[in-house]
Every structure is written in C-alpha cells, then in structure tokens.
Amino acid sequence: MDFKLTEEHLMIRDAARDFAKSELLEGVIERDDKQEFPAAQIKKMGELGFLGMMASPQYGGGGMDTVAYVLAMEEISKIDASASVVMSVNNSLVCWGLDTYANDAQKEKYLTKLTTGEKLGAFCLSEPEAGSDATSQKTTAIDKGDHYILNGTKNWITNGNSADYYLVIAQTDREKKHHGINAFIVEKGWAGFEIGVKENKLGIRGSDTHSLHFNDVKVPKENRIGEDGFGFKFAMKTLSGGRIGIAAQALGIAAGAYELALEYSKVRKAFGTEICNHQAIAFKLADMHTSITAARHLVMKAAWDKDNGGDYDLSGAMAKLYASKVAMDVSVEAVQVHGGNGYVKDYHVERLMRDAKITQIYEGTSEIQKIVISRSILKK
Ligand code: CAA
C-alpha cells in the first residue's frame with residue numbers, strides 16, 4: 001500500500017497552505033467577530049482555481065481528483081473554516097453536481113462561471129421542517145408546460161446572499177415521494193426570489209447563512225437538472241461527495257487547533273519548564289496527533305474511493321462522522337492546553353472550537369451519518 005502523495009498533490013497542498021497563511025490569516029478574527037464574508041479572498045481563491053478544483057477543464061475546472069481537493073480543504077480550514085465552507089459548497093455540491101449531472105447547455109451557461117469564481121453557488125435542500133428528513137420538504141415546483149412555478153422556503157443556506165446561482169431541490173409530485181422531487185438552477189434576482197434573514201451563528205461566522213423565499217418564481221424547464229424525478233438522487237449523490245469535503249474541513253480544524261496547541265506548549269512555561277514537558281500536556285498532544293492521523297486516513301480513503309469507483313457513500317459518511325468528532329474533541333483540548341489564553345480570541349483556538357461544531361451538523365448530522373453507515377453494513 002502506497003501512502004505517498006504525488007508531486008502534484010504536494011504542490012496543491014503547499015499552494016493552499018501558502019494562500020491560507022498569506023491571504024486568509026490576516027483579518028480572520030475580525031471577520032468572525034463582525035460576521036463579514038471574505039469576498040476579496042474568495043475572489044482570489046477563484047482566480048487561483050480553488051473553487052472548481054474537480055470540475056472538467058472544458059468548463060473552466062481544474063480537472064483534479066478528490067485527493068487534491070481534500071488536501072486543499074484541510075489547509076484552508078486550518079486557518080479559516082468560514083472560507084473553506086464557501087469553497088466546499090461551491091466545489092463539491094454545486095460544481096461537482098453540475099459537472100456530473102447537468103446537460104451541456106447548463107454547463108456552458110452556469111458551470112463555466114462557477115468554476116472560475118466569477119459567480120458563486122449555493123445548494124438549497126434544507127427547510128424549516130426538513131433538515132435531515134430530506135423527503136419531507138414542502139417547497140413545490142409545479143409543472144406549467146415550458147416552465148415550473150416554484151414556491152417555498154429554504155433554511156440555513158450557505159452562501160445564501162453571496163451566491164449568484166442556486167441549486168434548489170423541490171417537490172414536483174408529492175404522491176411519488178422521493179421520485180417526485182427535482183433539482184433546479186435558479187438565478188439570484190429572478191422575480192419572486194427573496195433572500196431572507198441572515199443567521200447569527202456560533203461558528204463559521206464569516207460565511208453567510210440565510211433563509212430563502214420563493215414566491216411564484218418562474219423557472220424555465222431547461223433549468224431542471226436531469227430527467228424528471230431525478231432530484232432526490234441528485235441531492236443524495238451530491239451530498240455523499242460533499243461529506244468528504246466537510247470531513248476534510250473537520251480534519252483541517254482539528255489539525256489547525258493541534259498545531260497551535262503544540263507550538264504554544266513549547267513556549268508557555270509553568271512550574272519551571274515549558275508545559276510540553278509535563279505529561280499532562282504531552283499526553284494530550286499524543287492523543288490529538290493520533291486521532292488526527294486516524295481521521296486523515298479515513299478522509300483520504302473516502303477521497304480515494306470517490307476517485308477509484310469505491311463505495312464513498314459509506315467511506316465518506318465514516319470520514320465525516322469520525323473527523324467531525326475529532327475536530328470537536330481536539331479543539332476543546334487545544335483550548336485547555338492554552339489555559340486562560342485559549343478562552344480569548346487572539347489565540348484562534350476558541351474560534352476553531354466554535355467552528356468545529358457545525359461539522360457535526362451540516363451536510364447530514366452525525367446521526368444521519370450513522371444511518372448511512374448502519375444501513376450499508378446491514379445490507380451487506
Ligand atoms: N446515492 C444515490 N441514491 C441514493 C443515495 C445515495 N447516496 N441515498 C439514497 N438514495 C436513493 C435510494 O436508492 C432510494 O432510491 P430508490 O427508491 O430508487 O431505490 C431513494 O434515494 C430513497 O432512499 P432512502 O429510502 O434511503 O431515503 P430516506 O428518505 O430514508 O433518506 C437519508 C436517507 C440518508 C436519511 C437522507 O434523507 C439524508 O441524507 N438526509 C440528510 C440530508 C442532508 O444531508 N441535509 C443537509 C443539507 S445540505 C447542507 O448542509 C449544505 C450546506 O449548506 C453546507
């Protein structure tokens with residue numbers, strides 16, 4: 001078994017690391033504080049190719065594999081998990097979804113702009129009463145011949161206001177349950193489409209999360225993705241890949257918190273020596289390093305499965321379940337290693353601890369991942 005990364009993978013990882021340190025670190029505390037979207041930084045990420053990494057070069061994408069994508073996600077997330085969720089949604093939910101399932105005309109019109117960051121995408125599935133239970137959504141799209149009429153409300157939408165193009169999942173025939181669901185490309189500014197309230201969040205505060213309202217929005221039929229009734233499978237398959245990106249985000253948050261704790265423990269003195277010389281701290285570092293390494297193996301395996309025809313519904317769910325727990329545990333311990341300094345904003349670890357929590361919630365809660373995993377192992 002070869003655990004070595006290729007030269008190209010290492011270059012991409014290093015480029016992401018450099019970008020995060022040089023462009024994202026400055027101002028990350030203030031953006032979190034003010035809930036300020038990193039617009040200039042996201043624009044640069046688009047120019048550098050970080051927003052459409054896996055999409056086809058024909059449509060402006062990087063044509064890279066999922067391994068390259070998770071390496072970049074980890075590095076960006078170490079420094080700024082708000083920027084990395086924007087990156088994750090645009091790459092794995094929007095660009096990958098369109099690249100894989102949209103028709104040529106849709107790709108030409110929409111994907112080419114999303115891969116370069118000229119436009120930003122959002123993925124709209126969750127509703128006030130349907131977050132985990134994706135078939136129970138109430139948003140409807142009624143077939144009117146050459147167009148659909150879209151009505152309903154979506155909640156907790158990442159890039160809610162900053163996006164230009166929205167992939168909206170809606171019921172077209174309630175009787176058919178999940179076979180009566182479709183996915184549509186909706187543009188910001190269309191009549192009847194309103195951006196709702198912005199959420200005041202615990203973490204990833206630099207990303208903008210909104211509710212969205214659709215009131216008799218006319219959606220041309222050519223904006224439906226795939227055959228009639230394909231929407232639920234589109235959402236599930238896209239989310240399966242998206243979960244690998246969020247697992248990488250969780251891994252990055254954990255690794256970022258660990259690296260800060262490690263450095264701090266080498267300079268902070270107590271009882272006459274650097275605190276890393278106390279077993280109480282050294283053992284914490286050992287536990288953090290071990291769990292992060294295990295999480296990285298799961299994330300890489302899931303990415304490899306996606307690139308090589310493996311069952312990434314299963315390995316992606318396992319990676320997200322475990323890496324998000326590691327992000328939570330490690331970031332809490334990193335605050336502990338920092339003591340009082342860990343509880344104030346300047347040292348970054350309190351932000352990473354707050355950011356970690358969302359990785360156990362979005363793109364399927366930890367409980368949803370356990371449903372996916374247990375169904376898969378029981379089926380076998
Ligand atoms: N790939 C392809 N098809 C799939 C699939 C997958 N991964 N998972 C399910 N399906 C198909 C099934 O094969 C089945 O199709 P058939 O009837 O043709 O056989 C159909 O979908 C229904 O499957 P289930 O009966 O398993 O569906 P379910 O209603 O029991 O739901 C679930 C399963 C796993 C719980 C699913 O509802 C789920 O994943 N829920 C969580 C949704 C979620 O992740 N929400 C997060 C919102 S997005 C977000 O957070 C983005 C952001 O902004 C950051």
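Order of listing sets the numbers, starting from 1, for every ligand and every atom in it.
Relative orientation of the H178 and F232 rings is tilted, given thresholds of 30° and 60° on the angle between their planes.
Contact annotation: for R243 versus ligand 1, heavy atoms closer than 4.0 Å belong to the side chain alone. Looking at S132 against ligand 1, only its backbone comes within 4.0 Å, counting heavy atoms. The part of L93 lying near ligand 1 is the side chain, judged by heavy-atom distances below 4.0 Å. Contacts with ligand 1 closer than 4.0 Å are made by side-chain heavy atoms of H178 only, the backbone lying farther away.
Under the 4.0 Å criterion applied to side-chain N and carboxylate O atoms, R31 and D80 are assigned as salt-bridge partners.
Judged by a 6.0 Å distance limit and a 45° cone about the ring axis, K237 is positioned over the six-membered ring of Y312. Geometrically, K154 does not engage F214 in a cation-pi contact defined by less than 6.0 Å to the ring centre and at most 45° from the axis.
Set against the non-hydrogen atoms of G364, the atoms of ligand 1 under 4.0 Å away are 43 (C), 44 (O), 46 (C). Near G131, meaning under 4.0 Å from one of its heavy atoms, ligand 1 places the atoms 42 (C), 45 (N).
Under the 4.0 angstrom criterion for non-hydrogen atoms, L239 is in contact with ligand 1. At a 4.0 Å cut-off, not a single heavy atom of N159 sits close enough to ligand 1 to count as contact.
Taking the centre of each ring, Y166 and F193 come in below the 6.0 Å mark.
When R351, K345, R354 are each tested for a salt bridge (Lys or Arg N to Asp or Glu O under 4.0 Å) with D33, only one passes: K345.
Counting protein heavy atoms only, atom 29 (O) of ligand 1 is closest to T135 OG1, 3.9 Å. The protein heavy-atom contact nearest to atom 35 (C) of ligand 1 is I368 CD1, 3.8 Å.
At least one N or O atom of S240 sits closer than 3.5 Å to an N or O atom of ligand 1.
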Atom pairs and distances, side-chain donor-acceptor, residues 43-54, under 3.5 Å, sequence neighbours left out:
from : atom 1 : to  : atom 2 : distance (Å)
K43  : NZ     : E47 : OE2    : 3.0
K44  : NZ     : E23 : OE1    : 2.9

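When distances from atom 32 (C) of ligand 1 to the protein are checked, no heavy atom turns up under 4.0 Å.
Proximity annotation for atom 6 (C) of ligand 1: of M236, Q369, E367, K233, M236 comes nearest, heavy atoms only.
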